[in-house]
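Comments concern the structure below.
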Amino acid sequence: MPTRRTVLAAAPMAAMATALPARASEERADVVVVGAGFAGVTAARELRRLGFSPLVLEARERIGGRTYHREFAGHGIELGGTWIYHTQPFVWSEVHRYGLATEPMPSPDAAVARLGDNGLVPATPEEMGAMLQALATLAEQTRAVIPVAYQHLLVDNPFENRSLAEVVDALDLPPSVRTLVDGNLVTLFHGPLEHVAASELQRVLALCGYSPVELIASGAGTKISAGTAALAGAILSDARADVRFQSWVRRIERNADGVRLEMADGSVVKARAAIVTAPLNTLKDITFTPALSAAKQLAIREPHRGAGVKLYIDVAGDTGPLSILAGPDAPITWMATQHHGRDGSLLIAFGPDPARINPLDKTNVQTVLNACLPGVTVRQSIGWDWNHDPFAKGTWCVLPPGRTRQVLPALAQAEGRLAFASGDSAEGWRAFIDGAIESGYRAARDVAVMLS
Ligand SMILES: Cc1cc2nc3c(=O)[nH]c(=O)nc-3n(C[C@H](O)[C@H](O)[C@H](O)COP(=O)(O)OP(=O)(O)OC[C@H]3O[C@@H](n4cnc5c(N)ncnc54)[C@H](O)[C@@H]3O)c2cc1C
């Protein structure tokens, strides 16, 4: 991805460790939570509920982690995680708990079009029916191997070792239908289907009650009107936690009595226990003493494969409601309208490969747009380079064939006075906000048990 964006996104954070004066302070805390994403804020709140006093150490200058609510072109946008749905029990319960309004997005009235060799073609009802039928076939395959959603790790599933590309190939779909299926799945797994275990799709199909319609709606159906930051903030406020920003934890030592955490600026916090919520792809950057278990080292050896791009494009004029799907070779595999009107339109887009589109390069984005929306003028565009962001190093957790058993449940296993939580290691909606919240609950319970 684009060097300019890398500089913009990563330089201030990379500079932080050297630019800050050495604090070399040492303080004591009850229980530390490393990271203030959804796993971290939930863990902090649950720790408080269980009678502990949480201290949150966050490397960035904001909460939310891989969710990032911003204003752009006069609209609230989400550079990271956005959509939630009633199929996701943890996050759905949280929005009700804090009385947050939700709204459908993108435009529910948008007719789907697919990108063919000669530009956009409206998807016919027959093609849409065939796409849903293809996903229904995969759902029935799923039901046979994962009969109960949250028990997917208890079953011996041969699809964990097969790629999603292989399984979709076996459906032998006509090209037009395959484009619609690929557009959905390549977007859902943020990269080529060859890099995705077929069981990744099966897990979410099972969580959606084996319904392709619910699957599509769960991936992108409803958002929090006030933004993800409103929910993360509400949870954190309930935690009544001390929060230290610009606190990049680089070393964690533990013994029988507690933990010692050392920040990039040399300051130290000692605590009775800690919960680490750093994303899977960044765990290698923390030095653990003693070393993490062999199982966990195996789990973090290779990065997860969620490494695509998400961007917002502000264009002149009213595009009308859009939902465009394209095959895996296109720079954008799904694009839809968040807003459209005479004042302009705001498009949201996903692609599998950041090398094919640079959200901060208006000329590049215009060229990509010309292929599907000729005549539409780009005014500005934006995205966040999660792949080069040192505190994320990827987007959402997508596991390739053969890795599921290595990564889970080892990643979530507590070790001595250390517990672990992350949307990347959740049991159910792993790779989603819901999974991050689920993992925060579990890790707080782990701490309660270890300190009992
Ligand atoms: C582009 C994009 C689109 C997405 N779309 C959706 C969606 O529509 N719906 C959905 O449900 N999910 C979506 N997701 C996934 C979802 O955002 C994540 O699964 C979830 O937010 C992860 O939460 P977390 O708390 O586990 O991790 P994070 O949010 O990554 O939080 C971890 C925190 O730890 C901090 N940290 C890291 N290392 C250290 C360290 N060493 N010391 C101190 N702090 C540290 C980080 O700065 C961060 O704040 C998307 C993600 C991306 C990137």
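Everything numeric here is computed off the predicted structure, so don't read it as measured data.
- Using modelled atom types, one side-chain atom of Tyr312 and one backbone atom of Glu78 make a donor-acceptor pair closer than 3.5 Å.
- Taking the six-membered ring where tryptophan is involved, the planes of Trp92 and His86 are perpendicular, since the angle between them exceeds 60° and thus also 30°.
- Partners of Asp343 according to the salt bridge (charged side-chain N to carboxylate O under 4.0 Å, His left out) rule, which considers only residues two or more places apart in sequence or in another chain, do not exist here.
- Annotation: salt bridge (charged side-chain N to carboxylate O under 4.0 Å, His left out) contacts of Glu214 (sequence neighbours excluded): none.
- Considering only heavy atoms from C-beta on, Phe72 comes within 4.5 Å of Asp314 through its side chain.
- Of the possible donor and acceptor atoms, none in the side chain of Ser323 sits under 3.5 Å from a partner among the backbone N and O of Ala336.
- For the pair Arg430 and Phe432, the cation does not sit on the ring face, since its NZ or CZ is not both under 6.0 Å from the ring centre and inside 45° of the axis.
- For the side-chain hydrogen bond (donor to acceptor under 3.5 Å, both in side chains) test, residues two or more places apart in sequence or in another chain that qualify with His340 are Asp318.
- In this structure the side chain of Val32 never reaches within 4.5 angstrom of the side chain of Ile275, judged on heavy atoms.
- No side-chain donor from either of Ser163 and Glu194 sits under 3.5 Å from a side-chain acceptor of the other.
- At a threshold of 4.0 Å, the pair Asp389-Arg66 does not count as salt-bridged, since none of the basic side-chain nitrogens sits closer than that to a carboxylate oxygen.
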>> What verdict does the side chain to side chain contact (heavy atoms under 4.5 Å, CB included) test give for Lys393 and Asp285, after you've listed the backbone C-alpha separation in whole Å, the side-chain angles of each residue and the deciding distance to 0.1 Å?
In response: CA-CA 11 Å; Lys393 292 192 166 178; Asp285 303 333; 2.9 Å; yes

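- Between the side chain of Trp396 and the backbone N or O of Asp424, no donor-acceptor pair lies under 3.5 Å.
- Remark: the backbone N or O of Gly306 is paired with a side-chain donor or acceptor of Thr395 at under 3.5 angstrom.
- When the side-chain contact (heavy atoms from CB on, under 4.5 Å) test is applied to Arg48, the partners found at least two apart in sequence or on another chain are Ser53, Pro54, Arg240.
- In this structure, Pro328 and Pro192 have side chains that are not in contact, with every pair of non-hydrogen atoms separated by 4.5 Å or more.
- A salt bridge links Glu160 to Arg405: one of the charged nitrogens lies within less than 4.0 Å of a carboxylate oxygen.
- Proximity of Leu369 to Met335: side-chain heavy atoms (C-beta onward) are separated by under 4.5 Å at one or more points.
- Side-chain atoms of Asn184 and Met131, non-hydrogen and from C-beta on, do get closer than 4.5 Å to each other.
- Atom NE2 of residue His304 and atom CG of residue Leu411 lie 10.5 Å apart, to the nearest 0.5 angstrom.
- Closest approach of Ala43 to Ala444, counting heavy atoms only: O-CB, 3.9 Å.
- A search for side-chain hydrogen bond (donor to acceptor under 3.5 Å, both in side chains) contacts involving Asp434 returns nothing, not counting sequence neighbours.
- Within the 3.5 Å criterion, the main-chain N or O of Ala39 finds no donor-acceptor partner in the side chain of Thr42.
- Applying the side-chain contact (heavy atoms from CB on, under 4.5 Å) rule to Asp353 yields the partners Ala355, Arg356; only residues at least two apart in sequence or on another chain are considered.
- Take Arg62 and apply the salt bridge (charged side-chain N to carboxylate O under 4.0 Å, His left out) test, not counting sequence neighbours, and it matches no residue.
- Ser425 places no side-chain N or O within 3.5 Å of a backbone atom of Ala421 that could act as its donor or acceptor partner.
- Using a distance-only test at 3.5 Å, with no hydrogens or angles considered, no donor-acceptor pair links the side chain of Ser422 to the main chain of Pro279.
- The pair Arg442-Glu427 does not meet the salt-bridge criterion, since no charged nitrogen lies less than 4.0 angstrom from a carboxylate oxygen.
- For the pair Phe159/Val167, a side-chain contact is recorded, criterion being any heavy-atom separation below 4.5 Å from C-beta on.
- Judged as a side-chain contact (heavy atoms from CB on, under 4.5 Å), and not counting sequence neighbours, the contacts of Glu58 are Ala36, Arg60, Phe245.
- The salt bridge (charged side-chain N to carboxylate O under 4.0 Å, His left out) check on Arg97 picks up nothing, with sequence neighbours excluded.
- Using a distance-only test at 3.5 Å, with no hydrogens or angles considered, a donor-acceptor pair links the side chain of His190 to the main chain of Val309.
- Salt-bridge annotation for Arg178 and Asp172: absent, with no side-chain N of the basic residue lying under 4.0 Å from a carboxylate O of the acidic one.
- Residues passing the side-chain contact (heavy atoms from CB on, under 4.5 Å) test with Ala278, sequence neighbours excluded: Val276, Thr282, Leu283, Ile286.
- Here the side chain of Lys310 pairs a donor or acceptor atom with the backbone of Gly80 at under 3.5 angstrom.
- Considering only residues two or more places apart in sequence or on other chains, Tyr150 meets the side-chain hydrogen bond (donor to acceptor under 3.5 Å, both in side chains) condition with none of them.
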> Could you walk me through whether Gln202 and Gln141 pass the side chain to side chain donor-acceptor pair (under 3.5 Å) check?
Replying inline: CA-CA 8 Å; Gln202 292 184 325; Gln141 238 171 39; 4.7 Å; no

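- Within the 4.5 Å cutoff, the side chain of Asn281 has no heavy atoms near those of the Trp386 side chain.
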> Can you check side chain to side chain contact (heavy atoms under 4.5 Å, CB included) on Phe391 and Trp248, steps first, answer last?
Replying inline: CA-CA 9 Å; Phe391 311 129; Trp248 186 6; 3.3 Å; yes

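- By the side-chain hydrogen bond (donor to acceptor under 3.5 Å, both in side chains) test, Thr187 is found to be paired with Thr333, residues two or more places apart in sequence or in another chain being considered.
- Geometrically, Lys223 does not engage Tyr85 in a cation-pi contact, judged by NZ or CZ lying under 6.0 Å from the ring centre and within 45° of the ring axis.
- Judged purely by atom type and a 3.5 angstrom limit, Glu200 uses its side chain to pair as donor or acceptor with the backbone of Leu399.
- With a 4.5 Å cut-off on side-chain heavy atoms, Ile382 and Leu311 do not count as touching.
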